Amino acid sequence: MFISWKSLVLIAFGLMTTQYTIINLLAPPEHCLCPAHSKLDFEEQLTNPRQTHVLILTSTRCGSSFLGQLLNQHPDVFYLFEPLYHIQDSLTGNMNFIREVIAGASRDLLWSLFQCDLHALERYLRPPPSNHMVNSLFFWGSSRALCRTPVCKPTNPDKWAEGQCGQCSPINLTRAGEFCSTRSHVAYKTVRIVVVDDLRPLLEDPRLNIKVIQLVRDPRGILNSRIDIFSGWYKAWHTWKTTGQRPESLDIHPPQFNSTCEELYGSVTTALSKPEWLRDRYMLLRYEDLARFPHQKTKEIYDFVGLNMTSSVEKWISDHTGSSTDSKNKPSTKQDSAAIASSWRRKLPIDLVKQAQKECHHYMRLLGYRQVQTQEDLLNMNISLVEDTFLEPYL
Ligand SMILES: *[C@@H]1O[C@H](CO)[C@@H](O)[C@H](O)[C@H]1NC(C)=O
Ligand SMILES: *[C@@H]1O[C@H](CO)[C@@H](O)[C@H](O)[C@H]1NC(C)=O
Ligand SMILES: *[C@@H]1O[C@H](CO)[C@@H](O)[C@H](O)[C@H]1NC(C)=O
Ligand SMILES: *[C@@H]1O[C@H](CO)[C@@H](O)[C@H](O)[C@H]1NC(C)=O
C-alpha cells in the first residue's frame, strides 16, 4: 500500500486536531463538578429552596416537541427546546458520531444549563457571541421564557405570536439566565442523549434535582415520520414507502434504524431494573398514551415533576389535541390527537411495517406495541396496536 507523505501529514494533523477537540470537550469547564468548586457555594445550593430540573429524554420523531410544550405552557417553567443541538452542530465530520464525546460534553452543558448558567452555551455557538448577546438559538421560538418579558420585550406584543422570536433578537443570555433562576422548574428536551445510563453522573449529583421523562413511541410511527422528514437519510425506506417496492439495500447511514430501538430498549431496561440512582427520578411515557389521554397524562407528568395544573394549560391541551377534560362531553373529538398518532397505519405498506417489526422486535414487546401481519389488520382501526400496559413512574 502506498501512502504519500502528504497523506501522512494530513492523517497526523487530523488525529491531533481530533485529540485536541476531545481534550477540549472533556476538559472540565470553569463551572463544573470539580472539587475546586467552593464549599460555600455547594452548601448554599443544597440549603436553598431547590429548583426542579426536568429532562425530556427521547429520540427524533417521538413526539417530544408536543411533550415539551406541555411543560413550556406553565408559567413557572423555564424551558428550552433542544439546547444540546449546538454541541452536535459545533462538532465536525466524523466527530459527530463519537457517542462518548457527545455524551460527556452534553452532561457538562446540561449541568451548567440546569444551574441557569446559559453562558455555557456560548462556546458552541458560531460565530461566538459578544457581550452574551445571541442572535438566535435552535428553535428558540419554542421557548416562552426566551420570547417574552422580562427576557424579551416584543416591540409589538399584539402582533407577536408564540413560535416567533425574531423581534427578540439579540437575546441577552445573562438576563435569560437571571430569569431562569427565578423559576421553580427548569426543563430541557433532548433527542441527542437517548440512553439514561449516559446521565447517571448528573442524576447522582446532589446539587441537581433531576426528573427524567423518557418518551417512547411505536417504532413504526417513528419510521414513518422520519421517512418524510429525513428523506435523504432514509432514502431506501422512502423509495419503499412511495413505490411500494422493497429496494435491495436498506442501509441508512448513519445509523441503522434498529439502533434507535436498541438504544431505547436499553435505556428502558436499565430503568425497569430499578437502580437506586433512578429512584423517584424516572418516568416512562408512551407517546400514544399522551395522544390518547392528554389531560390525564399531563396531570401525571405534572404530579411527577411537582407542578400544579392551571386552567390555561388545560385550555392549551384542549386546543391542541381536540380533546376535552370531560370525557362524557363530545367523546368523538377526543380522537383527534390519537388519530394523528396512529395515522402511520394508512401510510406504510405492510411489507415495510413487517421489516420495522423485525428490527424492533424486543423493543415492541417490552413496551406493548402489537405486531400486525396483514394489510387488512393494518388498516382496520378497530384493532388497537397499543396494549393497555400500565406504566407507572418509578417510585
Ligand atoms: C444583559 O443583561 C444584564 C443583566 O440584566 C445587564 O447587566 C447587561 O447590561 C445586559 N447586556 C446588554 C448588552 O444589554
Ligand atoms: C399547588 O396546589 C396546592 C393545593 O391546591 C397548594 O397547596 C400549593 O401551594 C400549590 N403549589 C404551587 C407551587 O402553587
Ligand atoms: C439491526 O440491523 C443490523 C444490520 O442489518 C443487524 O445486523 C442486526 O441484527 C439488527 N438488529 C435487530 C434487532 O434486528
Ligand atoms: C369497526 O367497528 C365499527 C363499530 O363497531 C363497525 O361498524 C365497523 O364495521 C368495524 N370495521 C371493521 C373494518 O371491522
Side-chain angles (χ1 to χ4, degrees), residues 31 48-54 70-80 112-113 115-122 125 127-137 140 143-155 165-187 209 211 280 292 295-296 298-317 325 330-335 338-339 341-348 350 353 370 372-386 388:
H31 32 248
N48 271 354
R50 301 173 78 195
Q51 286 183 313
T52 301
H53 306 124
V54 184
L70 290 174
L71 294 167
N72 190 37
Q73 293 308 316
H74 198 291
D76 291 342
V77 176
F78 181 90
Y79 171 75
L80 291 186
S112 300
L113 294 179
Q115 307 288 343
C116 294
D117 173 11
L118 301 192
H119 296 160
L121 268 172
E122 293 180 16
L125 302 180
S130 58
N131 291 326
H132 308 304
M133 301 299 281
V134 168
N135 289 320
S136 142
L137 290 173
W140 61 344
S143 168
R144 275 166 65 106
L146 291 185
C147 304
R148 292 189 182 187
T149 47
V151 177
C152 163
K153 296 188 175 66
T155 45
C165 217
Q167 285 186 23
C168 302
S169 178
I171 283 185
N172 182 335
L173 282 186
T174 310
R175 190 175 301 145
E178 286 168 0
F179 181 60
C180 171
S181 310
T182 66
R183 302 297 89 191
S184 65
H185 289 67
V186 182
N209 180 24
K211 304 274 186 184
D280 288 339
R292 291 186 301 171
H295 291 277
Q296 181 199 324
T298 305
K299 176 79 174 47
E300 286 173 29
I301 293 163
Y302 274 32
D303 284 350
F304 171 63
V305 302
L307 280 169
N308 282 347
M309 186 56 89
T310 70
S311 53
S312 67
V313 171
E314 294 273 15
K315 180 174 182 315
W316 189 90
I317 298 171
T325 21
K330 288 203 252 162
S332 60
T333 60
K334 217 176 162 226
Q335 299 307 313
S342 60
S343 64
W344 61 267
R345 293 177 65 173
R346 301 184 205 278
K347 295 177 180 157
L348 294 178
I350 183 71
V353 167
R370 285 196 193 102
V372 61
Q373 302 305 334
T374 66
Q375 184 80 24
E376 205 185 357
D377 286 355
L378 180 63
L379 292 174
N380 184 350
M381 293 299 177
N382 290 350
I383 301 174
S384 169
L385 299 183
V386 182
D388 289 326

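Counting convention: from 1, in listed order, for ligands and their atoms alike. If you're wondering where the values come from, they're calculated on a predicted model, not measured in any experiment. In this chain, numbering begins with 1 at the start of the sequence shown.
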Does the disulfide bond (SG atoms under 2.5 Å apart) test come out yes or no for Cys180 and Cys116, once each step is laid out?
-> CA-CA 6 Å; Cys180 171; Cys116 294; 2.0 Å; yes

Return yes if some donor-acceptor pair links the side-chain N/O of [X] with the main-chain N/O of [Y] below 3.5 Å, else return no.
{"X": "Asn135", "Y": "Pro170", "value": "no"}
{"X": "Arg345", "Y": "Leu378", "value": "yes"}
{"X": "Arg183", "Y": "Pro75", "value": "yes"}

Starting at CG of Asn380, measure out to OG1 of Thr374 and round the result to the nearest 0.5 Å.
->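 Here the rounded value is 9.0 Å.
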
What pairs meet the side-chain hydrogen bond (donor to acceptor under 3.5 Å, both in side chains) rule with one or both residues in residues 302-312, with sequence neighbours excluded?
->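 Pairs touching residues 302-312 that pass the test: Lys299-Asp303, Thr310-Ser312.
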
Select one of side chain, backbone, both or neither to describe which atoms of Glu178 lie under 4.0 Å from any atom of ligand 1, heavy atoms only.
->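 The answer is the side chain.
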
Judging by distance only, is a nitrogen or oxygen of Asn172 under 3.5 angstrom from one on ligand 1?
->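 Yes.
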
Name the residues with a heavy atom less than 4.0 Å from ligand 4?
->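 Those residues closer than 4.0 Å to ligand 4 by some heavy atom are Asn380, Asn382.
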
Show which atoms of ligand 2 fall inside a sub-4.0 Å distance from at least one heavy-atom site of Asn308.
->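 Here the atoms of ligand 2 in question are 1 (C), 2 (O), 3 (C), 8 (C), 10 (C), 11 (N), 12 (C), 14 (O).
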
Return yes or no for this condition: an N or O of Asp76 is under 3.5 Å from an N or O of ligand 2.
->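 Not met; the criterion fails.
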
Tell me whether the centres of the aromatic rings in His74 and His185 are closer together than 6.0 Å.
->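 For His74 and His185, the ring centres are not under 6.0 Å apart.
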
In terms of atom number and element, which parts of ligand 1 are under 4.0 angstrom from non-hydrogen atoms of Met133?
->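 Going through ligand 1 atom by atom, the ones under 4.0 Å from Met133 are 12 (C), 13 (C).
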
For the student: nearest non-hydrogen atoms of Arg292 and Val386, plus distance |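 That would be NH2-CG1, 3.8 Å.
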
